[in-house]
Protein chains: 2
Amino acid sequence: MAITLKEVAERAGVSRSAVSRAFTDGASVSEKMRRKVEKAARELGYSPNALASSLTTGRTKLIGLVSNNFHNPIFLQVFDLFTRGLQDRGLRPLLVNLSDETDPEASVRMLRQYSVDGAVVASSTLPPGFARAFRDAGVPVVHSFGRSSSTPQVHVVGIDNVECGRMAARTLIARGYRRLAFLGGPQSATSTQDRYTGFFDVLNAHPEVETSHSFADAYSFDAGRREMLRLLETTPAEAYFCGDDVLSIGVLSAITESGLKVPDDIGIIGLNDMEMARWQNIDLTTIHQPIRQIVTSSIELMVAMLDEPDRYPEARIFPCSVIERGTLRPLP
Amino acid sequence: MAITLKEVAERAGVSRSAVSRAFTDGASVSEKMRRKVEKAARELGYSPNALASSLTTGRTKLIGLVSNNFHNPIFLQVFDLFTRGLQDRGLRPLLVNLSDETDPEASVRMLRQYSVDGAVVASSTLPPGFARAFRDAGVPVVHSFGRSSSTPQVHVVGIDNVECGRMAARTLIARGYRRLAFLGGPQSATSTQDRYTGFFDVLNAHPEVETSHSFADAYSFDAGRREMLRLLETTPAEAYFCGDDVLSIGVLSAITESGLKVPDDIGIIGLNDMEMARWQNIDLTTIHQPIRQIVTSSIELMVAMLDEPDRYPEARIFPCSVIERGTLRPLP
DNA sequence: CGTTTTTTTGCAACCGGTTGCAAAAATACT
DNA sequence: AGTATTTTTGCAACCGGTTGCAAAAAAACG
């Protein structure tokens, strides 16, 4: 079906190597030869088989894009940015959707069978050990949205969740709230743990502030709403730092359903600053996570690693910032 | 770096063919041989190179997943379902993100270079000709969320947008609205055109109903909000059929911002029934599009085509249904 | 112009597998 | 046991490219 190098060579009356070289830039070919080959190729509609060449060059330009966050709206943007960014550099994303508890080894094996040049693990909920499995298998890996660390074992690009927790606490205190609560996502996620740490890190220095905490069982609207409805059965806090924006919207929904007003009765601060947070009928005050920078930086790191696979692991941490909207009362 | 067939063969003291056969099911190998090979393979940590084998078998198990809808939240679910579904069948999605006006030929060429076994074009906004380019290049293709047709030129799986338009019109009329408007997405999208056709198809039979129409310039919150704010400057209609759910939410936002109430003052019906439509603080009445079925069916069709590439093109159209929530007044 | 140097080309081996075919081994049959 | 049959195995060629090396051609030099 498809035209091969050999056929082009025959048509152009040259050797197969000549054709190969005509399609490899930087190769030793005369202008004349290149034109002759290109003509034949064009007439035949030839385009080189990337996989066959990968066999000898050792490069497939395939990059595994591994994630388990196919329910969080911000990840649509993440995928958008990743696919575009990789494509722009001539790399091809091979998408891997981890079902809830996929064996890391299985993914690693699969991606090695396809000889990916590298893998990006894009997930805020996978344990650091997951990315490590790739590194151990000799696959260059970047863990995007992974846990920040001062002694990273693999390349990590993301935010400092502990600092986000602190930031949320400071923001709430500055606005005069005195009964604060942490309403986290799944307790098993490192992001939840870190935000918790940071949040109470600051609050512990404020004995006048009353605190409480609880966890929703997923980063989802329903989980947030359910948990908030439960909390509303007794006396709720004055303000909540929620696990993420989706959760926050569930929480908002629960609050308004029960007849209370935001921010008058209860304040909410989320995390992520997803597209919808900005929507006027949601108008969520939240902590902005610089997704674009994280993705861009991840890709740069990936590209760098393709040339230098044993690059010393680094953590690239990007600062977050509070985006003031309408779910927190203003500064006094 | 990676272990090859040859090394396993040497270690096991057998021929290379034997090793190859041990890893191909259905091949002629004795139980004894298989065990011997597997042992050696395990000790060496060998796993076969899928790309090398594709060279002779002609099958890569790679499927191009081509889309330009990286901003519509329902597509996150679409990608989730596609990647899972393909993975479950041992197929690997190679993701292609079409930047606004990518040349179909370029995508086709790229996917052919990677010898994909087939391609799924998942898009409600690409012209039918796009998918045809794949077919013409000999790549089995399914156009998911494509325009329904009684004489499809490529396999199409989706909904009947004309019928959706009719359904919206009937729904609004049944609820007693008498000044109706169509607030479509981009006029260039076939989905917009078809819904328009269906909508006015029904309304033309109702001379007592007053109608109007306009178009937002994207399927986005902002575009919907902007257009509705514009419409609110004069006398708005009693009810709007909006291009999709995201658009609808923008419209809702504009309406409440201007102090009117939904559904008391203005009724809204969307299309897609995305995750968020269900959220209690949005609670959008909308037309449900059976995404899961569309994806499942697309994958089945794709798998069928891998065995039978010249299968006669068919259109698989799934029925939609109105989901009653809170943005339309109830039936009288 | 002949000689040296540089560039271009083709040969042949290789990348990591698969597969048709014939020989070898195992099984079945008399 | 000897022969016919079936199963298993290895050889060698092939899939579609790349690349080191040496020969051929072109360019530079005296």
Side-chain angles (χ1 to χ4, degrees), chain A residues 1-41 44-62 109-117 138, chain B residues 1-41 44-62 109-117 138:
Chain A
M1 176 75 241
I3 308 299
T4 74
L5 197 147
K6 192 169 143 207
E7 305 172 61
V8 177
E10 276 160 13
R11 169 137 197 161
V14 299
S15 75
R16 292 163 55 225
S17 348
V19 179
S20 171
R21 287 195 259 257
F23 279 91
T24 328
D25 38 26
S28 165
V29 221
S30 66
E31 212 26 65
K32 203 173 95 200
M33 169 69 84
R34 165 162 283 137
R35 263 197 298 277
K36 189 157 53 164
V37 170
E38 272 170 0
K39 177 157 174 291
L44 261 40
Y46 167 78
S47 73
N49 181 324
L51 303 180
S53 68
S54 82
L55 216 45
T56 38
T57 61
R59 292 218 158 317
T60 53
K61 305 220 163 208
L62 291 172
R109 204 174 321 120
M110 189 246 109
L111 287 176
R112 290 210 357 167
Q113 291 187 334
Y114 281 83
S115 317
V116 295
D117 289 348
Chain B
M1 176 74 239
I3 308 300
T4 75
L5 205 164
K6 193 168 142 209
E7 304 173 61
V8 177
E10 276 162 12
R11 169 138 196 160
V14 301
S15 74
R16 291 162 56 224
S17 350
V19 179
S20 172
R21 288 187 181 111
F23 279 91
T24 328
D25 39 25
S28 165
V29 222
S30 67
E31 212 25 66
K32 203 174 96 200
M33 170 68 85
R34 167 162 281 139
R35 264 198 297 278
K36 190 158 49 162
V37 170
E38 273 171 0
K39 179 156 172 290
L44 261 38
Y46 168 77
S47 72
N49 181 324
L51 303 180
S53 67
S54 81
L55 216 45
T56 37
T57 59
R59 291 217 158 322
T60 54
K61 306 219 162 207
L62 290 173
R109 203 173 324 120
M110 189 245 108
L111 287 175
R112 290 209 359 167
Q113 291 187 332
Y114 280 85
S115 317
V116 294
D117 289 347

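Residue A/F23 is out of contact with every strand shown, counting any heavy-atom pair closer than 4.0 Å. Within 4.0 Å (heavy atoms only), A/S20 reaches at least one base atom of the nucleic acid. Residue contacts shown for A/V29 are limited to sugar-phosphate atoms, with no base heavy atom under 4.0 Å away. Backbone-only engagement by A/T4 is indicated by non-hydrogen atom pairs under 4.0 Å involving sugar-phosphate atoms exclusively.
The base of C/dC15 lies outside donor-acceptor range of the side chain of A/S53, with no N or O pair under 3.5 Å. A donor-acceptor contact under 3.5 Å is not formed by the side chain of A/R16 with the base of C/dG10. Residue side chain B/T57 does not reach the base of D/dC15 through any donor-acceptor N/O pair under 3.5 Å, judged by distance alone. Between the side chain of A/R59 and the base of D/dG17, no donor-acceptor pair under 3.5 Å is found. Scanning atom types as modelled, no donor and acceptor separated by under 3.5 angstrom connect the side chain of B/R21 and the base of C/dG17.
Candidate nucleotides D/dT8, C/dG10, C/dC15 were compared by shortest atom distance to the side chain of A/S15, and C/dG10 ranks first.
Residue A/S17 places no side-chain N or O under 4.0 Å from the OP1 or OP2 atom of C/dC11.
The side-chain hydrogen bond (donor to acceptor under 3.5 Å, both in side chains) analysis of residues 19-36 of chain B, with sequence neighbours excluded, yields no pairs.
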